[in-house]
Number of protein chains: 2
Amino acid sequence: METEPELPLALRAAYLALHRKTDARFTKLDVTADQFVLLTALSDGQVLTQRELAGRISSDPSTVRAMLVLLERKGFVKRDVHPTDLRAKAVSLTTVGKRMQKKLWKAGQPIRDEMYRCMSPDEADVLVTLLCKMACVLSDVSVPVQAPSKR
Amino acid sequence: METEPELPLALRAAYLALHRKTDARFTKLDVTADQFVLLTALSDGQVLTQRELAGRISSDPSTVRAMLVLLERKGFVKRDVHPTDLRAKAVSLTTVGKRMQKKLWKAGQPIRDEMYRCMSPDEADVLVTLLCKMACVLSDVSVPVQAPSKR
DNA sequence: TATTGTTATACTCTATAACTATA
DNA sequence: TATAGTTATAGAGTATAACAATA
């Protein structure tokens with residue numbers, strides 16, 4: 001048989017495991033893993049348009065809009081008029097949203113610790129580098145990554 | 001700021017990019033990326049119960065059932081009574097399903113090539129190993145991986 | 001003309017809980 | 001008693017296409 005998924009399947013298994021575990025951890029707080037990702041993209045006082053936000057969290061404008069409606073309803077984000085572009089919205093966290101993001105970040109720490117405990121710091125670097133390369137190539141698009149880490 | 005998602009975000013970006021690109025590639029054939037994963041789990045003549053299937057594709061019985069209903073409707077899979085366990089179903093590909101899986105596998109090859117072109121064979125091994133370890137740890141469960149590859 | 005966001009719409013995947021039938 | 005699968009149900013995320021307002 002020619003079947004040899006390997007890398008794709010492994011990627012899937014790892015991501016979905018992370019996603020599920022994160023979801024489970026946040027159930028009590030009534031926030032999904034995806035919503036956490038969005039909140040975190042706005043965490044350090046970032047103010048983004050919905051399109052920028054979509055890029056950061058590997059989503060699309062339509063989905064982001066749906067998510068923002070939910071998060072707005074919970075009082076975690078606000079959408080102000082963009083200062084220079086009247087078409088755009090300036091999305092940011094509310095005070096409540098900031099607090100919740102911190103709470104979620106803390107609640108998720110054990111999961112991140114578990115991930116990093118699987119590998120050496122060097123391996124983690126290689127892993128992140130390769131994942132970013134792949135994401136880049138597969139997106140036919142720029143890199144959706146953050147600033148360099150301290151880890 | 002303490003923010004440093006890095007690995008989780010990179011994992012997300014890579015997986016979602018793969019998922020989207022795969023979906024896009026299969027649109028014309030009216031099959032989703034997830035359905036492809038399921039079909040491929042059954043590809044080499046495998047006959048699995050729905051629970052086993054769920055484990056293989058990192059999903060759950062309820063979701064698998066929903067997927068199987070769709071795939072049955074398309075004529076790609078069949079669910080026979082299990083030979084030894086009357087509660088269980090023996091899920092397998094139909095002839096049409098096998099043909100479609102091969103077609104999809106072929107159609108997806110360029111995507112897999114692109115992924116592997118991002119790294120050396122050694123790096124690919126490291127990557128897969130680390131991803132599997134992570135999936136394993138995060139699942140609090142056994143390893144959802146295939147046989148060793150030739151790559 | 002191109003772009004940001006909205007709206008409408010639809011579908012897949014996800015997941016829980018209660019249920020049945022077998023083991 | 002535990003397990004395999006079903007059912008009902010609900011919701012999140014995804015995505016496309018047509019549209020309005022603005023650049």
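To find a chain, count down the sequence lines: A is the first, B the second, and so on, and within it residues start at 1. These numbers come from a predicted model, not from an experiment.
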What integer distance in Å separates [X]:[atom1] from [N]:[atom2]?
X: A:His82; N: C:dT3; atom1: NE2; atom2: P; value: 16 Å
X: B:Phe36; N: C:dT12; atom1: CZ; atom2: P; value: 18 Å
X: B:Leu18; N: D:dT14; atom1: CG; atom2: C1'; value: 16 Å
X: A:Leu53; N: D:dG13; atom1: CG; atom2: C1'; value: 14 Å

Residues within residues 67-78 of chain A bordering DNA chain D, heavy-atom distance below 4.0 Å
A:Met67, A:Leu70
Expected list for residues 25-34 of chain A near DNA chain D, using heavy atoms below 4.0 Å, is A:Thr32, A:Asp34
Sequence-aligned protein contact record of nucleotides 15-23 of chain D, with B where the base is within under 4.0 Å of a protein heavy atom and S where only the sugar-phosphate is
BB----BBS
Taking only distance into account, with no hydrogens and no angle test, what donor-acceptor pairs under 3.5 Å do side-chain atoms of residues 65-75 of chain A form with protein atoms, sequence neighbours excluded?
from: A:Glu72; atom 1: OE1; to: A:Arg79; atom 2: NH2; distance (Å): 3.0
from: A:Glu72; atom 1: OE2; to: A:Arg79; atom 2: NE; distance (Å): 3.0
from: A:Lys74; atom 1: NZ; to: A:Asp30; atom 2: O; distance (Å): 2.5

Would you check if the side chain of A:Arg12 reaches a backbone N or O of B:Ile57 as a donor-acceptor pair within less than 3.5 Å?
yes
Does A:Arg20 reach the main-chain N or O of B:Ser139 with its side chain, forming a donor-acceptor pair under 3.5 Å?
no
Verify same cluster id: A:Leu29, A:Val77 (apolar side-chain graph, 4.5 Å):
yes
Qualifying residue for side chain to side chain contact (heavy atoms under 4.5 Å, CB included) with A:Ser92, from A:Val47, A:Leu42, A:Leu48:
A:Val47
Can you sort out the partners of B:Lys103 under salt bridge (charged side-chain N to carboxylate O under 4.0 Å, His left out), two or more places apart, ordered by chain and number?
none
Can you work out whether A:Arg12 or A:Arg65 has the more 5'-proximal nearest nucleotide on DNA chain C?
A:Arg65
Residue mapping more 5' on DNA chain C - nearest nucleotide basis, B:Val64 or A:Thr49:
A:Thr49
Pairs meeting criterion ring-ring contact (aromatic ring centres under 6.0 Å, His included) with involvement of residues 15-68 of chain B, two or more places apart
A:Tyr15-B:Tyr15, B:Tyr15-B:His19, B:Phe26-B:Phe36
Would you compute the distance between atom CG of A:Leu53 and atom OG of A:Ser59 and round it to the nearest 0.5 angstrom?
8.5 Å
